[in-house]
Asker: 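My questions will all concern the structure given below.
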Amino acid sequence: MPELPEVETVCRSLRPHLLGRRILRVEVRQPRLRAPVAPDLPARLEGRTITAIHRRAKYILIDLDGDAVWLFHLGMSGKLICAGKGKERRKHDHIVAALDDGGELRYHDPRRFGLSVAVSRAELKTLPLLSRLGPDPMERRFNGAALYAATRASARRIRDLLLDQQVVAGLGNIYANEILFRVGIRPTARARRLTRRQAAAIAAMTPKLLRDAIRWCGTSFSDYRDADDQRGEFQNHLRVYDRHGESCRVCPNTIKRVVIGNRSAFYCPSCQK
DNA sequence: CCTTGAACCTGCGGGC
DNA sequence: TGCCCGCAGGTTCAAG
C-alpha cells in the first residue's frame with residue numbers, strides 16, 4: 001500500500017493524536033509480522049511519552065522520552081489508526097496501544113508484511129533496516145549525478161532500479177511508474193542505456209511528483225487510509241499506474257501493462273521511449 | 001559481485 | 001451462489 005507520500009501523510013495525521021500522549025499499555029495480539037514482534041516491545045514503550053514523529057523513507061519513527069524509538073514499516077497492507085477507546089477491535093488489529101487521553105493507536109495489517117520494533121536511540125543507528133537505505137528523494141544527495149552513477153554498469157531495467165531502496169529510498173511501484181511516464185522513459189529501458197540528461201530528468205521529477213502526491217494526501221488506490229481513516233486523492237492524478245487498456249491522458253494511444261521483475265509496469269508506448 | 005524469481009500473507013474482483 | 005485464478009501499494013533470500 002504505502003509509498004513515501006502515504007507514509008508522510010500517515011505521520012502528519014498521527015501527530016495531532018499522539019504528540020505529548022503517554023502510552024499506558026501495549027497489547028500485541030499477533031506477533032507474527034514480517035519480522036516477529038519482540039516479546040519486550042510493550043515493556044520498552046509502556047509509561048513513556050511521545051515526543052516526536054518522523055519518517056525515513058517508508059519507515060515511521062515515533063520518538064519517546066527515556067531514550068526509546070518505536071518504528072513501523074507498513075508493508076503492503078499496514079495501517080496505523082487512531083481511534084477512541086470505545087471502538088471495537090477489528091480482525092488484523094495486531095498491536096493496540098492505549099493512551100492517557102482514552103484514545104488508542106492500532107496497527108492493522110491483513111497481509112502482515114509490515115513490521116514494528118522498539119529500540120533505543122543507539123540501537124536505531126545500528127539497525128540494518130535503516131542503515132542499508134539510500135538517500136531520501138527529497139535530500140540533496142539524491143541528484144542527477146548520483147542517479148546517473150547508479151545506472152552505470154547496471155543491466156537492470158530503470159523501473160527496478162528506482163524500486164531499489166539502496167539507490168533511492170521511498171519509491172514504490174506506483175510512483176516509479178508515474179515518474180517514468182512524466183519524463184518519457186519506458187519502465188523497461190535498461191538503466192545503463194540512459195543518458196546523463198535522462199538521469200537528471202528522473203532525479204528532478206522524483207521529488208516534484210512526490211511533493212505533489214503528498215499535497216493530495218497520497219494515493220488511495222484500493223485500501224490506503226491515514227490515521228483518521230481518510231482517503232488520499234492522488235489516484236485521480238495517476239497517468240499510467242493501473243490504467244492499462246485505458247487511453248493515455250496526453251495522446252490517443254492505449255496504456256500498456258508488462259510484467260518486469262515479477263511486478264506490473266505501466267507505460268504509454270508513444271509518450272515513452 | 002549481480003540479477004532474477006519465489007516466498008511471505010490475506011482479500012478482492014472477474015470469469016465460469 | 002460458489003469456486004478458482006490472478007492480482008495487489010514491499011522486502012528478503014536463494015539460486016543461477
Side-chain angles (χ1 to χ4, degrees), chain A residues 1-11 29-37 55-60 71-80 90-94 107-117 127-134 137 149-180 187-193 209-210 213-214 216-226 231-245 257-266:
Chain A
M1 158 198 10
E3 306 179 33
L4 188 152
E6 290 74 37
V7 175
E8 176 63 29
T9 302
V10 170
C11 284
R29 310 174 74 229
Q30 167 59 280
R32 304 200 47 159
L33 304 183
R34 189 177 98 218
V37 177
R55 174 190 63 72
R56 167 73 170 108
K58 301 177 193 172
Y59 290 86
I60 295 166
L71 178 146
F72 287 93
H73 190 290
L74 304 180
M76 290 279 259
S77 57
K79 296 180 190 177
L80 278 169
R90 286 185 307 158
K91 193 178 178 186
H92 307 304
D93 282 348
H94 303 315
Y107 181 67
H108 175 93
D109 187 0
R111 294 179 73 180
R112 289 192 274 124
F113 287 171
L115 59 82
S116 181
V117 182
L127 265 190
L129 288 174
L130 297 185
S131 59
R132 277 200 295 262
L133 294 174
T151 64
R152 294 306 88 186
S154 173
R156 306 161 79 185
R157 302 183 190 268
I158 184 60
R159 198 284 315 265
D160 289 339
L161 194 81
L162 294 178
L163 290 182
D164 184 340
Q165 304 294 300
Q166 298 191 52
V167 173
V168 55
L171 295 182
N173 205 23
I174 293 179
Y175 297 106
N177 279 279
E178 292 294 318
I179 288 162
L180 291 170
T188 50
R190 298 287 173 180
R192 60 153 53 106
R193 305 285 313 275
L209 181 75
L210 295 178
I214 290 168
W216 291 100
C217 298
T219 301
S220 287
F221 170 64
S222 65
D223 60 1
Y224 161 73
R225 298 290 188 279
D226 73 9
R231 299 167 60 86
E233 295 298 335
F234 197 72
Q235 62 278 12
N236 302 318
H237 302 261
L238 298 177
R239 310 252 176 101
V240 287
Y241 184 82
D242 201 43
R243 296 198 65 243
H244 53 300
R257 170 184 175 272
V258 291
V259 175
I260 55 177
N262 266 343
R263 310 185 70 186
S264 293
F266 304 89

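Sequence lines set the chain letters: A, B, ... in the order given, protein chains first and strands last, and positions in each chain run from 1.
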Asker: Among all residues two or more places apart in sequence or in another chain, which pass the side chain to side chain donor-acceptor pair (under 3.5 Å) test with A/E233?
Answerer: A/N236
Asker: Sequence neighbours left out, what passes salt bridge (Lys or Arg N to Asp or Glu O under 4.0 Å) with A/R263? Give chain and number order.
Answerer: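 Expected list: none.
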Asker: Which protein N or O atoms sit under 3.5 Å from an N or O of nucleotides 12-16 of chain C?
Answerer:
unit_1, atom_1, unit_2, atom_2, d
C/dT12, OP1, A/R132, NH2, 3.4

Asker: In this structure, which stretches of DNA chain C are paired as stems of three or more consecutive Watson-Crick or G-U pairs, both distances less than 3.5 Å?
Answerer: B:2-8 with C:10-16, B:10-16 with C:2-8
Asker: List in chain and number order the residues that pass side chain to side chain donor-acceptor pair (under 3.5 Å) with A/R231, two or more places apart in sequence or in another chain; answer none if no residue qualifies.
Answerer: none
Asker: Partners of A/R192 by salt bridge (Lys or Arg N to Asp or Glu O under 4.0 Å), sequence neighbours excluded?
Answerer: none
Asker: In chain order, what residues pass the side chain to side chain donor-acceptor pair (under 3.5 Å) check against A/R152, with sequence neighbours excluded?
Answerer: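 Listed in chain order: A/Y148.
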Asker: Could you check whether A/Y175 and A/E6, counting side-chain N and O atoms only, form a donor-acceptor pair closer than 3.5 Å?
Answerer: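 Looking only at side-chain atoms, A/Y175 and A/E6 do form a donor-acceptor pair, the distance falling under 3.5 Å.
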Asker: Does A/E178 have any side chain to side chain donor-acceptor pair (under 3.5 Å) partners at least two apart in sequence or in another chain, and if so, which?
Answerer: A/R182
Asker: Within residues 157-177 of chain A, which residues have any heavy atom lying less than 4.0 Å from an atom of DNA chain B?
Answerer: none
Asker: Could you work out, with side-chain contact (heavy atoms from CB on, under 4.5 Å) as the rule, every residue matching A/C11, not counting sequence neighbours?
Answerer: A/R15, A/I53, A/R55, A/I60
Asker: Provide the full list of salt bridge (Lys or Arg N to Asp or Glu O under 4.0 Å) pairs with a residue in residues 157-176 of chain A, sequence neighbours left out, each pair given once.
Answerer: A/R156-A/D164
Asker: Atom CG of A/L130 and atom NE2 of A/H73: how far apart are they, to the nearest 0.5 Å?
Answerer: 10.0 Å
Asker: 5' to 3' on DNA chain B, which nucleotides open and close the contacts with chain A (atom under 4.0 Å from a heavy atom)?
Answerer: B/dT3 to B/dG11
